[in-house]
Amino acid sequence: MIKTFSLSEINVLAQQCWQAYKQHLIWIFDGNMGAGKTTFIQALCLAAGVAETISSPTYSIINTYENASGAIFYHMDWYRLRDEAEAIDAGVEEALQSGHHCFVEWPSIAAALLPEQVLRIKLSIADQHKHALEIKLS
């Protein structure tokens, strides 16, 4: 599925994606810097009922959120990681194996830690006012 959207439509699109794919625990996000990965994850967390402020985990590597039902969400940004060993030291492997939803930005840095079955989301800038979202199950 490929969908173009404006930032004003991001919450509706995130809600649709959450409803369609929430059974998948590991969501990986590819895209260039500024493509909207963190912004889309913020909208996904909102769609999943997370009320707290969602921020980029660029420096913390992993942020943990909880919704009103007690469901846990891990938001990871692997951009600053050098390799898989550093990812393991940061707790990435534990989060991925936790049974909770994980939203991972820059997954290629430690791709070997990912399970075979992930929901792959690619974000890009389509033009000055639109972003593009492509979803694949792999």
Side-chain angles (χ1 to χ4, degrees):
M1 169 183 107
I2 299 177
K3 174 89 174 156
T4 58
F5 65 97
S6 67
L7 288 180
S8 65
E9 301 168 313
I10 198 167
N11 288 334
V12 171
L13 181 58
Q15 181 68 39
Q16 291 168 348
C17 287
W18 178 247
Q19 290 307 314
Y21 301 106
K22 64 184 169 186
Q23 73 275 15
H24 300 285
L25 293 178
I26 312 297
W27 298 42
I28 62 172
F29 293 81
D30 288 311
N32 292 333
M33 196 79 73
K37 296 179 295 295
T38 299
T39 303
F40 194 77
I41 291 170
Q42 290 169 331
L44 274 174
C45 287
L46 182 65
V50 174
E52 62 192 283
T53 301
I54 309 302
S55 61
S56 174
T58 300
Y59 294 100
S60 61
I61 310 298
I62 303 172
N63 287 348
T64 306
Y65 308 111
E66 187 173 344
N67 70 11
S69 302
I72 303 292
F73 298 85
Y74 293 109
H75 177 192
M76 296 181 258
D77 185 334
W78 296 356
Y79 182 77
R80 290 183 51 245
L81 297 174
R82 287 185 300 263
D83 54 31
E84 291 169 19
E86 191 174 12
I88 291 168
D89 289 345
V92 163
E93 196 171 39
E94 293 161 17
L96 291 171
Q97 296 172 2
S98 69
H100 299 294
H101 282 91
C102 296
F103 303 133
V104 182
E105 298 183 51
W106 302 100
S108 62
I109 307 257
L113 298 178
L114 293 167
E116 272 186 42
Q117 194 79 345
V118 297
L119 187 67
R120 187 173 300 276
I121 299 177
K122 183 176 182 182
L123 287 152
S124 59
I125 298 173
D127 65 34
Q128 200 173 43
H129 304 287
K130 294 277 188 177
H131 291 258
L133 176 132
E134 182 178 356
I135 298 177
K136 291 182 184 175
L137 184 59
S138 60

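Computation of the quantities below employed the complete heavy-atom set of this structure, encompassing side-chain atoms and omitting hydrogens, waters and symmetry-equivalent molecules.
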Practice task
Could you tell me the separation between the CE atom of Met76 and the CD1 atom of Ile109, rounded to the nearest 0.5 Å?
Solution key: 13.5 Å
Practice task
Please report the closest heavy-atom contact between Ala87 and Leu81, naming both atoms and the distance.
Solution key: CB-CD1, 3.6 Å
Problem - Set of salt bridge (Lys or Arg N to Asp or Glu O under 4.0 Å) partners for Lys3, sequence neighbours left out - result: none
Exercise for the section: Look at the side-chain heavy atoms of Ile, Leu, Val, Met, Phe, Trp and Tyr, link any pair under 4.5 Å apart, and say whether Leu7 and Val12 land in one connected group. Expected result: no
Problem - Gap separating the CG atom of Leu133 from the CD1 atom of Ile2, nearest 0.5 angstrom - result: 9.5 Å
Practice task
List in chain and number order the residues that pass side chain to side chain donor-acceptor pair (under 3.5 Å) with Ser6, two or more places apart in sequence or in another chain; answer none if no residue qualifies.
Solution key: Ser8, Glu9
Problem - Test side chain to side chain donor-acceptor pair (under 3.5 Å) applied to Thr58 - qualifying residues, sequence neighbours left out - result: Ser56, Asp77
Handout entry: Within-4.5 Å side-chain heavy-atom neighbours: Phe29 and Val104
Key = no
Practice task
Decide yes or no for Val118 and Ser138: does some side-chain heavy atom of the first lie under 4.5 Å from some side-chain heavy atom of the second?
Solution key: yes
Exercise for the section: Name all pairs fulfilling the salt bridge (Lys or Arg N to Asp or Glu O under 4.0 Å) condition that reach into residues 106-127, sequence neighbours left out, sorted by first residue then second. Expected result: Asp30-Arg120
Practice task
Determine yes or no for a side-chain-to-main-chain donor-acceptor pair under 3.5 angstrom, with His131 supplying the side chain and Thr4 the backbone.
Solution key: no
Practice task
Decide if atom NZ of Lys130 counts as having more than 12 heavy atoms of other residues, nucleotides or ligands within a radius under 6.0 Å.
Solution key: yes
Handout entry: Residues Asn67, Phe73; criterion side chain to side chain contact (heavy atoms under 4.5 Å, CB included); working and verdict
Key = CA-CA 8 Å; Asn67 70 11; Phe73 298 85; 3.7 Å; yes
List, one per line, each side-chain donor-acceptor pair under 3.5 Å for residues 15-28, sequence neighbours excluded.
residue	atom	partner	partner atom	Å
Gln19	OE1	Lys22	NZ	3.3
Trp27	NE1	His24	O	2.7

Problem - Side chain proximity check, Cys102 to Leu96, heavy atoms < 4.5 angstrom - result: yes
Exercise for the section: Indicate if Tyr59 and Ile61 have the same hydrophobic cluster label, given that clusters are the connected sets of ILVMFWY residues with side-chain heavy-atom separations under 4.5 angstrom. Expected result: no
Exercise for the section: Could you name each residue pair satisfying side-chain hydrogen bond (donor to acceptor under 3.5 Å, both in side chains) that touches residues 79-89, not counting sequence neighbours? Expected result: none
Completion exercise
Quick note, side-chain hydrogen bond (donor to acceptor under 3.5 Å, both in side chains) partners involving residues 91-107, not counting sequence neighbours, are Thr38-Glu105, His75-Glu105
Handout entry: Closest approach of Leu114 to Pro107 (non-hydrogen atoms, all atoms of both residues)
Key = CD1-CB, 3.9 Å
Practice task
Taking the side chain as every heavy atom from C-beta outward, state whether Leu123 and Phe5 have any atom pair closer than 4.5 Å.
Solution key: yes
Exercise for the section: Could you tell me whether the side chain of Thr39 reaches within less than 4.5 Å of the side chain of Ile41, counting heavy atoms only? Expected result: no
Practice task
Not counting sequence neighbours, list each pair that qualifies as a ring-ring contact (aromatic ring centres under 6.0 Å, His included) and has a residue in residues 31-57.
Solution key: none
Handout entry: Shared hydrophobic cluster, Leu119 / Ile10 (ILVMFWY, side-chain heavy atoms < 4.5 Å)
Key = yes
Donor-acceptor pairs are to be reported for all side-chain atoms of residues 42-55 against protein atoms at under 3.5 Å, with residues two or more places apart or in another chain.
residue	atom	partner	partner atom	Å
Gln42	NE2	Ile54	O	2.9
Glu52	OE2	Glu66	N	3.2
Ser55	OG	Asn63	ND2	3.4

Completion exercise
In short, salt bridge (Lys or Arg N to Asp or Glu O under 4.0 Å) pairs touching residues 31-49 with sequence neighbours left out are none
